[in-house]
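No experiment lies behind these values; they were computed from the predicted model shown. One-based numbering, in listed order, for ligands and for the atoms of each.
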Amino acid sequence: MKATHILGIESSCDDTAAAVVRDRLLLSNIIAGQEVHRQYGGVVPELASRAHQQHIVPVVDRALKEAGIGRGDIDAVAFTRGPGLLGSLLVGTSFAKGFSAALGIPLIEVNHLQAHILAHFILREGEREHSPAFPFICLLVSGGHTQLVLVKDYLRMEIMGQTIDDAAGEAFDKCAKLLDLPYPGGPHLDRLASAGDPLKFKFSRPRLEGFDYSFSGLKTSFLYFIRDRSSENPAFIGENRADLAASLQKTIIDILLNKLRRAAQKTGIRQIALAGGVSANSGLREALRNEANRHRWEVFIPDMTYTTDNAAMIAINGYYSYLEERFAPDDISPMARMYF
Ligand code: KG4
Ligand code: ZN
């Protein structure tokens, strides 16, 4: 059978990315980040879409060049339709539509969250096969989402539970800000936590039935705790920064893994995967490995390259959609909110 080349485009937030796969094999994976948001302490949507417009053409050119192929070799173009920032999504969507129309090749819409999960099926040159078997449970943790997903097949997924307020990444970022760490605070808090005592401080944990998550109570409890202690001792944060980070990180991880454990027990599934930006967290990765030993799970932890936003995951998702001939109409528009 002839190999299939898919070009993937990702522009849902503040990274402009393009990647090419030949069937499951990754040929190139290019990302242009946007430093402009750092000074504002968060992503500014208007600036993001403008930067995407500047980056998209050179990023796609590089992806094709590194893949060693020409435009004419591409069989279909896959793009992130949502969820994400509408102005950002619009840039990738318009580009993909133009590319598909100009070359007369199919257009494939991709759900960004589903793509984070399918990143587990990307193959790299010389790498041995190590992907989850269906059905598996994926803990999807990012800056905008926190979900427990039952993955029945490449394109058939069901949400078992999700956050009813803040996402885990948001909890990391908002609490990191209270510790005066730069944005996005998750990776900084992770580094700081490795030098701290995770049992030093206790913060409130949600009592929610079922598999849903909640992180807004934890954020508030962290805020009040810091405020009260700082009013007694103005140097409190400075003197306890690493312990605060470690204790907070442990609380977030415990909350995440509690529900995951219950979901695994209820379904009897032992194939467990992690996905999304927060899956880069070293404490979470280690805790999941320990949990796997305890419960005889087989766990799949993404390579660091695929934890945060990238287009390789969009291209691989595009490949599976291509096999099922799931093509998008040429008048398709992006969606800020999107479900499986
Ligand atoms: O998946 P992602 O790149 O973008 C979204 O789709 O949201 O996730 C970004 C989130 C941010 O909240 C960031 O702080 C968090 O992932 N993150 C981390 C770490 N690396 C990234 N959180 C905790 N520890 C990390 N090492
Ligand atoms: Zn993401």
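Considering only non-hydrogen protein atoms, atom 12 (O) of ligand 1 sits nearest to Asp173 OD2, 2.7 Å. Protein heavy atom at the shortest distance from atom 15 (C) of ligand 1 is Val278 CG2, 3.9 Å. The protein heavy atom nearest to atom 24 (N) of ligand 1 is Asn281 ND2, 3.0 Å. Protein heavy atom nearest atom 10 (C) of ligand 1, with residue, atom name and distance: Gly143 N, 3.5 Å. Atom 2 (P) of ligand 1 has its closest protein heavy atom at Asp309 OD1, 3.6 Å. In terms of protein heavy-atom proximity, atom 26 (N) of ligand 1 is closest to Asp190 OD2, 2.8 Å. With hydrogens left out, the protein atom closest to atom 22 (N) of ligand 1 is Gly186 CA, 3.5 Å, a heavy atom.
For Arg24 and Glu127, the salt-bridge test fails: no basic side-chain N is under 4.0 Å from an acidic carboxylate O. Using a cut-off of 4.0 Å between Lys/Arg side-chain N and Asp/Glu carboxylate O, Asp173 and Lys177 are scored as not salt-bridged.
The closest approach between any non-hydrogen atom of His112 and ligand 1 is below 4.0 Å.
Considering backbone and side-chain N/O atoms, Gly144 comes within less than 3.5 Å of an N/O atom of ligand 1.
Looking at Tyr213 and Leu256, their side chains come closer than 4.5 Å, going by heavy atoms from C-beta outward.
Residue-level proximity to ligand 1 for His145 is absent, since no heavy atom of it falls below 4.0 angstrom.
The aromatic rings of Phe203 and Phe201 are tilted relative to each other, their planes meeting at an angle between 30° and 60°.
Within the set Ala280, Gly277, Ala168, the minimum heavy-atom distance to atom 21 (C) of ligand 1 is found for Gly277.
Rounded to 10°, the angle formed at the Zn ion (ligand 2) by His116 NE2 and His112 NE2 is 90°.
Screening Tyr319, Tyr320, Phe136 for a ring-ring contact (aromatic ring centres under 6.0 Å, His included) with Tyr154, the sole residue that qualifies is Tyr320.
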